[in-house]
Amino acid sequence: MKLDPRVALITGASSGIGAALAREFARNNWSVGLIARRKDKLIELTEALRQSGAIAEYSEADVAQIESLQRAVAQLREKLGPIDLMIANAGIGIPTRIEPFNRMEIESTFQINTLGVVYAFDAVLPEMLQRQSGQLVAISSLAGFQGLPGESAYCASKAAVNVFLEGLRMQLRGRGIAVTCVCPGFVKTPMTDKDPYPQPFQMSAEKAATIIYRGIQKKKKVLRFPWQTSLMMRVVRWLPDWLVIKLVEH
Ligand SMILES: NC(=O)c1ccc[n+]([C@@H]2O[C@H](COP(=O)([O-])OP(=O)(O)OC[C@H]3O[C@@H](n4cnc5c(N)ncnc54)[C@H](OP(=O)(O)O)[C@@H]3O)[C@@H](O)[C@H]2O)c1
């Protein structure tokens, strides 16, 4: 098997979309570096990828801890070579509660979903700037385009990612580094399996990974999918609060 020398690092690769992305990139002959906190899951996936002939390495890290993430990226760079692509995918989805107000969980949401992206980019940007080549990707969400009751912190953490990447993309123009903001709708993963509400147009993590892979190859600026949910979120922006509440409660 001829292996492409390109190297992709994926945070949150132990489960769901991140694990599916690792399989998709490995299948397309990328060398993959897997990052997450659960070592057993990372070992299991790394071994499965190697058995299929891919080059795969893992390193444990908490994306909310800058030193931990920097250490993991340095280890993977040492083993795999210069990093061509960073996919900041790690994220959590905890409902926002008001009685009692779950401030600490809200803080964790921002630390992982928003600062986790900043830290992941921080760990690879200097080498990409030096080589004038690379791609920075964040797995945001269509939820980042609208605040929703019970999901305020999650939506806000993703809205921050969307806007951060928008500015960064323009700032990096002409420097050889592409920026892609991925905004999926509902994807079947352990994160959404625990949600009780209906998830229209839900797709498998494998299908999402194929769409994301193609979008990254095309260096899309913003990748929203599926189109039905994307359209729905645009329409929701025009609805009165009472109707949004009614829709979310059903
Ligand atoms: N599923 C959906 O419908 C959907 C839709 C839009 C966007 N997204 C986004 O897609 C991304 C992946 O979500 P998913 O649905 O695949 O969820 P998932 O199956 O729960 O996977 C989340 C991943 O993030 C990792 N992670 C969480 N906190 C971390 C931390 N502090 N440090 C390092 N890794 C951490 C987890 O690994 P460890 O626990 O091993 O650390 C796991 O690998 C998230 O950013 C999510 O917001 C999901």
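Please read these numbers as outputs of a predicted model, since none were measured by experiment.
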Search all heavy atoms of Ile35 against all heavy atoms of Ala61 and return the closest pair with its distance.
-> CG2-CB, 3.8 Å

What heavy-atom pair brings Ile112 and Ala64 nearest, and what distance separates the two atoms?
-> CG1-CB, 4.0 Å

Looking at side-chain heavy atoms only, is the closest gap between Lys188 and Gln199 below 4.5 Å?
-> no

Group every Ile, Leu, Val, Met, Phe, Trp and Tyr by side-chain heavy-atom contacts under 4.5 Å, then state whether Phe201 and Trp227 land in the same group.
-> no

What's the spacing between Arg224 CZ and Phe145 CZ if we round to 0.5 Å?
-> 3.5 Å

Is there side-chain contact between Leu239 and Leu247, with at least one heavy-atom pair below 4.5 Å?
-> yes

Which of parallel (below 30°), tilted (30 to 60°) and perpendicular (above 60°) describes Phe25 and Trp30?
-> perpendicular

Go through Leu34 and Leu49 one step at a time and tell me if the side chain to side chain contact (heavy atoms under 4.5 Å, CB included) criterion holds.
-> CA-CA 11 Å; Leu34 317 181; Leu49 294 175; 4.2 Å; yes

Short question: side chain of Thr229, backbone of Phe225 - any donor-acceptor pair under 3.5 Å?
-> no

Decide yes or no for Arg77 and Leu9: does some side-chain heavy atom of the first lie under 4.5 Å from some side-chain heavy atom of the second?
-> no

Would you say the side chain of Asp195 lies within less than 4.5 Å of the side chain of Phe186, judging by non-hydrogen atoms?
-> no

Do other residues, nucleotides or ligands put more than 12 heavy atoms under 6.0 Å from Arg214 CZ?
-> no

Rounded distance [0.5 Å steps], CE in Met233 versus OG in Ser141 | 7.0 Å

Just how far is it from atom CG of Leu136 to atom CE of Met128, taken to the nearest 0.5 Å?
-> 5.0 Å

Okay, side chain of Ser31, backbone of Val7: is any donor-acceptor separation there less than 3.5 Å?
-> no

Honestly curious: do Val163 and Leu165 fall in one hydrophobic cluster under the side-chain, below-4.5 Å linking rule?
-> no

Does Ile10 offer a backbone N or O that forms a donor-acceptor pair with the side chain of Asn89 under 3.5 Å?
-> no

For the pair Asp62 and Tyr119, evaluate side chain to side chain contact (heavy atoms under 4.5 Å, CB included) and give the outcome as yes or no after the intermediate values.
-> CA-CA 10 Å; Asp62 179 344; Tyr119 295 165; over 6 Å; no

Could you tell me whether the side chain of Ile106 reaches within less than 4.5 Å of the side chain of Phe101, counting heavy atoms only?
-> yes

With a 4.5 Å limit on heavy-atom distance, are the side chains of Val32 and Leu21 in contact?
-> no

Sub-3.5 Å donor-acceptor pair from the side chain of Asn28 to the main-chain atoms of Glu24, do we have one?
-> yes

For atom CG of Asp40, decide whether the heavy atoms of other residues, nucleotides or ligands shown that lie under 6.0 angstrom number more than 12.
-> yes

How far does NZ of Lys41 sit from CG of Leu45, to the nearest 0.5 angstrom?
-> 10.5 Å

Hey, are Glu47 and Arg50 close enough for a salt bridge, meaning a charged N less than 4.0 Å from a carboxylate O?
-> no

For Thr96 and Ala153, indicate whether the former's side chain and the latter's backbone hold a donor-acceptor pair under 3.5 Å.
-> yes

For the student: nearest non-hydrogen atoms of Ala120 and Met86, plus distance = O-CE, 3.6 Å

In Å and rounded to the nearest 0.5 Å, what is the CG to NZ distance from Leu142 to Lys158?
-> 11.0 Å

Roughly how far, to the nearest 0.5 Å, is the CD1 atom of Ile94 from the CE atom of Met191?
-> 9.0 Å

Count the heavy atoms belonging to other residues, nucleotides or ligands that lie under 6.0 Å from CZ of Arg175, then report whether that count exceeds 12.
-> no

Short side-chain to backbone donor-acceptor contact, Glu127 and Pro82, under 3.5 Å = no

Check the pair Ile177, Leu125 against side chain to side chain contact (heavy atoms under 4.5 Å, CB included), reporting the backbone distance first and the verdict last.
-> CA-CA 9 Å; Ile177 302 167; Leu125 187 57; 3.9 Å; yes

With hydrophobic residues grouped by side-chain heavy-atom distances under 4.5 Å, do Met232 and Val248 end up in a single group?
-> no

Would you say Ile17 and Tyr154 are hydrophobically clustered, going by side-chain heavy atoms of ILVMFWY under 4.5 Å?
-> no

Where Ala19 and Ser14 come nearest, the two heavy atoms and their spacing | CB-C, 4.3 Å

Lys/Arg N to Asp/Glu carboxylate O, Glu60 vs Arg71, below 4.0 Å = no

In terms of heavy-atom contacts, does CD of Gln171 have more than 12 from other residues, nucleotides or ligands at under 6.0 Å?
-> no

Evaluate the criterion side chain to side chain contact (heavy atoms under 4.5 Å, CB included) for residue pair Thr189 and Thr192; output intermediate values, then yes/no.
-> CA-CA 5 Å; Thr189 68; Thr192 46; 3.6 Å; yes

Heavy-atom distance under 4.5 Å between the side chains of Cys181 and Glu166, does that happen here?
-> no

Would a distance-only check, ignoring hydrogens and angles, find a side-chain to backbone donor-acceptor pair under 3.5 Å from Asn113 to Ala160?
-> no

Nearest heavy atoms of Val187 and Gln202, plus distance in Å | C-CG, 4.0 Å

For residues Ile92 and Ser108, determine if any side-chain heavy atom of one lies less than 4.5 Å from a side-chain heavy atom of the other.
-> yes

Can you see which heavy atom on Phe110 is nearest to which on Ala156, and at what distance?
-> CZ-CB, 3.6 Å

Has the side chain of Thr180 got a donor or acceptor atom that lies under 3.5 Å from a matching backbone atom of Val137?
-> no

Could you tell me whether a side-chain N or O of Thr11 sits under 3.5 Å from a main-chain N or O of Ala90, the two making a donor and an acceptor?
-> yes

In the single-linkage hydrophobic clustering (I, L, V, M, F, W, Y; side-chain heavy atoms under 4.5 Å), do Val222 and Met170 co-cluster?
-> no

